[in-house]
Amino acid sequence: MQPVLRGIFWSGVYVIGVTLPLLVGALSIPGGGPASLGVGLAGGLGYVALSMLALELALVSRMDEAAGAFGLDTLLRFHREAGVAALLLVGAHVGLLVPRAYPWAVLGAGPSVPWPIRAGTLAALLVLGLVVSSIWRRRFRLRYETWQLLHGLGAVAVLGLGALHVGALGRASASLPMRIVGALYLVLFLGVLFRHRLLRPLWLFRHPWTVVDNRPEAGASRTLVVRPEGHPGFSFQPGQFSWLGTGRTPFHLEQHPVSMSSSGEVPPCGPLSFTIRALGDWSGGVVPALRPGDRVWVDGPWGAFTPDRAEGPGWVLIGGGVGVAPLVSMVETLADREDRRPVLVVQGAGGPGDRTLGERLDALRSRLDLRVVPVMEHPPPGWSGERGRIDAELLRRHLPRGFRRLQYFVCGPPALLDAMDRVLPALGIPADRIHAERLEMA
């Protein structure tokens, strides 16, 4: 199935999954009608919110079928946005019910509050906590592994409490079709959880990788080179990423999304390179301590951030910090393929010592039609190149004729991505030619 058709298909599956309980409930919940329009609307919003929360795990469970249509990076972003949307629906559910069906005291902990109400209130508070801790994890200084554990346990608790709340309070429990739908969602959730947390790690346990090199790079980064151990590895498209685990087993929580920085033309059994910047406890402490011979776990490839899925007459690659890693993978792959189409790389850096993989980029100029434009925010004395930050005026000075027909790939810190979200459309670049990746790791 073509990616566009697959995307339409899986979008339809998601919409059906979210709305199915609402539709079945409207057709099957027995008589009487809701006490008021507000109460009926609140119940419907609650069903939709619970359905969205039940499907949240499926969005991040690394299912090849859906990830191949959108890219796992896109699904991860949608997972966050769907979580915020579910929180808003939960808020509307509570806001409509409290003044109509229940006194405001149900939000308290008095002995007169029915336990199903307490379960629903606790579920709502947990959803709020999950969303807030995800958006402001760095502000709260939560370690990635700690957040990951709390996020997973919290999600399971939300679904359990939400199911108790609906089953004990609503008339849904008196409807056989609704009980069947609830059982199907439970089976789906447990099946996805079993596959994601047990079967996938077991498969990875039988396909380990070994560290063969761990070298420092400019920009407080390191390039980790790994090789498959006792298995053929995998092929990947330039720009894609893998989940990299460094625990004793793949069941360990230390799994981080990291882009490959090596050429996509490396044979499957050959070495893979990952360039990682020190941004947190894992990337700044665990990764530098890895030595040749250490075992790691590589789950990949994932992502649709690749020129192989966006053909064009040429490429403009805009990166900053360690976000240049997938761009280097793209350029090296094009060089290995002897691709003659023009490539412009605009690389932002704080100073000369911050040009991560800059030497590798510069060395590729002789192998293909490549122009590299370093942009120094804090240039050294005598610097004659571009300075400051990447903006529309800077790009206009370097973009070739017909630049609107080229494909644009952007990867880097949030400030760069936010700026390019404004700058590229303002330059007249069509939206379908702009590709960005916002994966986070620590």
Side-chain angles (χ1 to χ4, degrees), residues 1 6-7 9-22 24 47-87 89-90 123 126-127 130-131 134 145 147-167 178-207 241-243 245 249-257 297 299-304 439:
M1 188 183 298
R6 290 171 66 185
F9 172 78
W10 285 107
S11 297
V13 169
Y14 181 80
V15 171
I16 292 173
V18 167
T19 58
L20 181 62
L22 182 62
V24 173
Y47 284 132
V48 173
L50 189 59
S51 301
M52 292 178 68
L53 293 169
L55 292 174
E56 283 286 80
L57 176 62
L59 292 174
V60 295
S61 60
R62 309 178 200 176
M63 293 190 301
D64 296 338
E65 300 86 350
F70 303 101
L72 188 57
D73 47 336
T74 301
L75 290 181
L76 289 171
R77 291 197 298 272
F78 183 74
H79 168 78
R80 173 179 289 190
E81 293 165 359
V84 173
L87 174 62
L89 291 174
V90 169
L126 283 174
V127 172
L130 291 174
V131 172
S134 297
E145 295 79 18
W147 166 82
Q148 198 174 42
L149 175 62
L150 294 176
H151 196 77
L153 294 176
V156 173
V158 163
L159 292 177
L161 292 168
L164 289 173
H165 175 72
V166 171
M178 284 298 289
R179 291 202 299 270
I180 293 174
V181 169
L184 289 175
Y185 275 74
L186 178 61
V187 170
L188 171 66
F189 177 79
L190 293 177
V192 171
L193 187 66
F194 180 75
R195 176 186 178 184
H196 181 47
R197 294 300 184 188
L198 182 61
L199 294 184
R200 188 69 180 178
L202 284 175
W203 185 90
L204 291 173
F205 190 77
R206 299 177 59 188
H207 297 78
F241 70 94
S242 293
W243 291 87
T249 73
F251 295 92
H252 201 278
L253 288 177
E254 287 185 352
Q255 295 187 24
H256 300 258
W297 318 97
D299 186 358
W302 301 100
L439 286 175

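Values in this document were obtained by computation on a predicted structure and should not be read as measured data. For the numbers below, each heavy atom of this structure counts, side chains included, while hydrogens, waters and symmetry mates do not.
Separating the CG atom in L22 from the CE atom in M178 is a distance of 8.5 Å, to the nearest 0.5 Å.
Here the closest non-hydrogen pair linking P301 and S242 is CA-OG, 4.2 Å. Counting all heavy atoms, side chain and backbone alike, W302 lies closest to R200 at CZ2-NH2, 4.0 Å. Listed here is the closest heavy atom pair of V181 and P21: CG1-CG, 4.1 Å. Here the shortest heavy-atom pairing between P201 and P250 reads O-CG, 3.4 Å.
Annotation: side-chain contact (heavy atoms from CB on, under 4.5 Å) contacts of L164 (sequence neighbours excluded): W115. Looking at residues two or more places apart in sequence or on another chain, you find a ring pair (Phe, Tyr, Trp, His ring centres under 6.0 Å) between H207 and W203, H231. Under the side-chain contact (heavy atoms from CB on, under 4.5 Å) criterion, F194 pairs with L198, L199, sequence neighbours left out. Residues that satisfy the side-chain contact (heavy atoms from CB on, under 4.5 Å) test with L153, not counting sequence neighbours, are L149. Residues passing the ring pair (Phe, Tyr, Trp, His ring centres under 6.0 Å) test with F205, sequence neighbours excluded: W297. When the side-chain contact (heavy atoms from CB on, under 4.5 Å) test is applied to I180, the partners found at least two apart in sequence or on another chain are L176, L184. Remark: H151 pairs with S134 by the side chain to side chain donor-acceptor pair (under 3.5 Å) rule, at least two apart or across chains.
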Please tabulate, one pair per line, all N/O donor-acceptor pairs under 3.5 Å involving side-chain atoms of residues 48-60, not counting sequence neighbours.
unit_1	atom_1	unit_2	atom_2	d
S51	OG	V18	O	3.4
S51	OG	Y47	O	2.8
E56	OE2	H79	ND1	3.3
E56	OE2	G83	N	3.3

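In this structure, Y185 and L159 have side chains that are not in contact, with every pair of non-hydrogen atoms separated by 4.5 Å or more.
Among residues at least two apart or in separate chains, there is no side-chain hydrogen bond (donor to acceptor under 3.5 Å, both in side chains) pair with a member in residues 12-21. Applying the side-chain hydrogen bond (donor to acceptor under 3.5 Å, both in side chains) test to residues at least two apart or on different chains, none of the pairs has a partner in residues 155-164.
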